[in-house]
Amino acid sequence: MDKYKAFLIFGPNGIGKGTNAKAVGTLPGYFHFSTGDMFRALVARVKEGTASELELQIDEIMKSGRLVDDETTVRLTRHNLETAVAGGRIDQENDYLLLDGVPRNVEQARMLDPFIEVCGVLHITAAREVAVERITNRARIEGRKDDQDPVAVGKRLDIFFANLSPMLSYYDSGFDGSPDYDSQVIHYIDAAQRPTKVLLDVLACLP
Ligand code: AMP
């Protein structure tokens, strides 16, 4: 099997990663895949009382702001991508995936390697305070369950910032930890710009 060609979208929670990746994913030749959306769809049955043991566990983990285990995450990601190929939603030879929310750590990055060819990392940057403010607003507007608890929101951001440098070093071994490191692989996009400018910067990185 050929590997999927993919751009990875990195960035703290709440700063528009999903919005931009979703917008680009509406264009022919690109397919947006979000592990957060994948897990939210999976736990939808919890409310109806028909969820499996795994779905109940994932619901608890998401509410607490922790990460689902790496093996489950990568297995379900691969399975969902294969289902999209089989259903004709991904043309594996020609389409680029926009991977949003995965990998979350170096272990997941390693586990993706056998089936994902990384063409670039789009790092949408924002300070922690900006992310907290945006998530708080999103919680009010969209009512997303995993945004409601400030402790869980803080935990998600802690995990993101703790894993960021190791992941950037994984994809560019020359990465020196500095925010203005010049890379062929990592593209920095400032989330504080107007939303149209953020999207333009994302598009400028893509083939
Ligand atoms: P997100 O919408 O990307 O912030 O994801 C929402 C929640 O889903 C996270 O807080 C995690 O509990 C879970 N999740 C999403 N992606 C991953 C991943 N790559 N690894 C582990 N857990 C994940």
Side-chain angles (χ1 to χ4, degrees), residues 4 6-25 31-47 51-81 84 97-116 118 121-126 128 130-164 166-168 170-171 191 202:
Y4 299 88
F7 285 87
L8 310 180
I9 320 287
F10 282 7
N13 315 77
I15 50 85
K17 243 182 329 147
T19 306
N20 282 282
K22 214 173 275 173
V24 178
F31 186 84
H32 170 227
F33 185 80
S34 151
T35 44
D37 289 351
M38 172 182 86
F39 286 131
R40 276 183 288 279
L42 205 61
V43 300
R45 293 194 302 163
V46 171
K47 250 197 321 226
S52 67
E53 191 52 43
L54 177 65
E55 289 162 353
L56 287 170
Q57 276 171 19
I58 291 175
D59 189 52
E60 278 310 310
I61 291 170
M62 288 177 81
K63 278 193 292 201
S64 74
R66 285 176 296 131
L67 293 183
V68 177
D69 71 275
D70 298 334
E71 193 277 326
T72 303
T73 300
V74 175
R75 179 170 51 79
L76 292 178
T77 297
R78 189 168 190 168
H79 173 76
N80 277 267
L81 291 173
L97 304 181
L98 302 160
L99 284 186
D100 164 11
V102 69
R104 286 285 229 273
N105 55 36
V106 168
E107 191 48 33
Q108 290 185 9
R110 284 205 187 94
M111 292 166 81
L112 293 178
D113 280 345
F115 63 101
I116 299 286
V118 175
V121 175
L122 276 51
H123 179 198
I124 306 187
T125 59
R128 188 189 171 97
V130 175
V132 170
E133 195 187 313
R134 300 239 191 131
I135 296 178
T136 311
N137 281 336
R138 185 171 72 181
R140 247 187 317 111
I141 297 163
E142 292 180 23
R144 244 171 66 169
K145 224 168 32 171
D146 52 345
D147 286 343
Q148 302 299 322
D149 176 4
V151 177
V153 166
K155 177 104 197 133
R156 275 154 74 196
L157 289 171
D158 288 346
I159 295 173
F160 170 75
F161 283 109
N163 284 293
L164 181 60
M167 282 202 295
L168 293 176
Y170 182 78
Y171 288 113
V202 168

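For ligands, and for the atoms within them, numbers begin at 1 and follow the listed sequence. Computed from a predicted model, the values in this text were never measured in an experiment.
With rounding to the nearest 0.5 Å, the separation of CZ in F7 from CG in D100 is 15.0 Å. The CZ atom of F39 sits 11.5 Å away from atom CD of E55, with the distance rounded to the nearest 0.5 Å. Atom-to-atom distance recorded for D59:CG and L54:CG is 11.0 Å, nearest 0.5 angstrom.
The aromatic rings of H123 and F160 sit tilted, their planes meeting at an angle between 30° and 60°.
With salt bridges taken as basic N to acidic carboxylate O contacts below 4.0 Å, none links R75 and D69. A salt bridge links D37 with R40: the closest approach of a Lys/Arg side-chain nitrogen to an acidic carboxylate oxygen falls below 4.0 angstrom.
Taking every heavy atom of N13 and a limit of under 4.0 angstrom, the matching atoms of ligand 1 come to 4 (O). Here is the list of ligand 1 atoms found below 4.0 Å of a heavy atom in G101: 16 (N), 17 (C), 18 (C), 19 (N). Proximity to Q108 (heavy-atom distance under 4.0 Å) selects the following atoms of ligand 1: 18 (C), 19 (N), 20 (N), 21 (C). For ligand 1, the atoms sitting less than 4.0 Å from at least one non-hydrogen atom of V102 are 19 (N), numbered in the order shown with element in parentheses.
In the model, N137 has no side-chain atom that pairs as donor or acceptor with a side-chain atom of R134 under 3.5 Å.
Note: no N/O pair closer than 3.5 Å links D37 and ligand 1 by distance alone. Ligand 1 has no nitrogen or oxygen under 3.5 angstrom from a nitrogen or oxygen of F39.
Closest protein heavy atom to atom 6 (C) of ligand 1: D146 OD2, 3.4 Å. In terms of protein heavy-atom proximity, atom 16 (N) of ligand 1 is closest to T35 OG1, 2.8 Å. Closest protein heavy atom to atom 22 (N) of ligand 1: V68 N, 3.0 Å. From the protein, the heavy atom lying nearest to atom 7 (C) of ligand 1 is M62 CE, 3.7 Å.
When all heavy atoms of A126 and P12 are compared, the pair lying nearest together is O-CG, 3.7 Å.
Relative to atom 3 (O) of ligand 1, the option among M38, R40, K17, R104 with the closest non-hydrogen atom is R104.
Ligand 1 lies within reach of R66, whose nearest heavy atom is under 4.0 Å from it.
Under 4.0 angstrom from ligand 1, the non-hydrogen atoms of T73 all belong to its side chain.
Cation-pi geometry between R128 and F161 is not met at under 6.0 angstrom from the ring centre and within 45 degrees of the axis.
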